[in-house]
A.B. asks: 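Below are the structure tokens for one structure; questions will follow.
Indexing begins at 1, ligand by ligand and atom by atom, following the structure's order.
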Amino acid sequence: MTKESIKKIIRNQEEFFKSYKTKSIAFRIDSLNKLKNSIKSNEDKIALALYKDLKKPKFEAYATEIGIIYDEINFHIKNLKKWTKPKKVKTHLAFLPAKSFVYPEPFGVVLIISPWNYPFQLLIAPLIGAISAGNCAVLKPSEVAPHTSAIIEKIVNDNFSSNYLFAFSGGIDINKALLSKKFDYIFFTGSTSVGRIVMEAASKNLTPVTLELGGKSPCIIDKDANLEISSKRAAWGKYINAGQTCVAPDYLFIHKDVKDKFIELVKKHIKEFFSDDPSQSDNYCRIISERHFDRLISLMKHGKITAGGEIDRKKLYIAPTIVDKLKFSDPVMQEEIFGPILPLFEFDDLDEVIDYINKNPKPLALYYFSQNKKSQAKVLNETSSGGVCINDTISHIASPYLPFGGVGESGMGMYHGKKSFDTFTHYKSIMKQTTRFDIPIKYPPYDDKKLKFIKMIYK
Ligand code: NAD
């Protein structure tokens, strides 16, 4: 793909956008249905691509990448007419008898860049928002998951005109070439470091951005937690996709009174999920690349491995691992882990945990396991994070009724459900004034009477 073809695709999309076709509700619904149907007819190929890229189990491929997309498309189709209607709002006394509206309009041509860990879902979910809001879109799936990137390219480019939607395959040079162009909106999912590059590029054209980034999401197990359930849900959230989940519990704080029991329970659940030898399990993913494998191995060098620890570089396999006896200054606590390594820290006082969390960048997710409503409220009130799940992990991001996004270094902007429509929409404020008469107060020359009147209105 040459720089010339990138330029041409963007120019053609700009032209197509100006035809106002993408603004038609029927066109948007038709496109969403077309997208859904083409995913349906490629379902097995998508699952196979995810298996080739990550050894993703079929169940996870459907639950976390494909099925969730059908749900999101259905939600948008069901609500689109309501969302696209201009909304009447009150008019301020000073401007009566005018009428006021908020009028949703698409931005134009948007760019969507996605990562490799849920490589299908994280590209298609924002695309649904872009389509339902009436935009054209240029897509760049991650080159690190090449099989999924190829099937996305096929689904999008075989079924839609490139004047409307187009997916570019290729490496970072393509990302860089795309980021050097002017878009009307950029939606980026990936690391905090690349997020900075994207925002810098966007700032040159004052392009608005959504940045869905990562970070270290803490998981707290308090002494009154239901240990059987919390250990199961924490282990599930950590080891799904071999820990390569942006909202995976990155590290655990466990109350000292329940620590030993909790560790034993996590070990039990690892066995239940993946058998005695997870390397032989069909339910356990692989690390995406040698680069990430080597990075993860280097994080396992400190502390004491109390479960797992087995590795096979040729198969990019790292067992579900628990590491204890760590210091906060160890390398595993200096970066997002993004792999199946679970560091543990014990605590006695919840305030110290909150203090540690607040001293570090705001996380994308925070998990708190406790039966105590007061301490649940305390954690909610005294910490800031993109989202929170009480007594569960990850599930809060899968609901179309809960907006998903980060805060601070874990990102800006939100999507899913109605928020995806909002993200790709500019809400234009409209005031319709009458010409039947004209109140003279606002016009010069001003006098004391006018001043008195305006002071009465704005007091
Ligand atoms: P990444 O930042 O390395 O890559 C993301 C995208 O950016 C890819 O498409 C890649 O091609 C592109 N890219 C990489 N380097 C670039 C550069 N120099 N210039 C321009 N584009 C560049 O992230 P990743 O390794 O693919 O994914 C892992 C990260 O993404 C983790 O930090 C994870 O937490 C985060 N993530 C966040 C979410 C979320 O929804 N918040 C979801 C999944 C992953």
A.B. asks: First locate atom CG of L54, then atom SG of C285, and finally report the distance between them rounded to the nearest 0.5 Å.
C.D. replies: 6.0 Å

A.B. asks: Nearest 0.5 Å please: distance from the CG atom of D277 over to the OH atom of Y317.
C.D. replies: 5.5 Å

A.B. asks: For residues 303-310, dump all side-chain donor-acceptor pairs below 3.5 Å to protein atoms at least two apart in sequence or in another chain.
C.D. replies:
none

A.B. asks: According to side-chain hydrogen bond (donor to acceptor under 3.5 Å, both in side chains), who are the partners of T207, at least two apart in sequence or on a separate chain?
C.D. replies: none

A.B. asks: Name the one of D351, D349, D222 that satisfies salt bridge (charged side-chain N to carboxylate O under 4.0 Å, His left out) with K378?
C.D. replies: D351

A.B. asks: Please output the residues near ligand 1 using a strict heavy-atom distance under 4.0 Å, listed in chain and residue-number order.
C.D. replies: I113, S114, P115, W116, N117, L122, K140, S142, E143, I172, N175, L179, F188, T189, G190, S191, V194, I197, E212, L213, G214, C246, E336, F338, L364, F404

A.B. asks: Go through the structure and list residues passing side-chain hydrogen bond (donor to acceptor under 3.5 Å, both in side chains) with E335, not counting sequence neighbours.
C.D. replies: R295

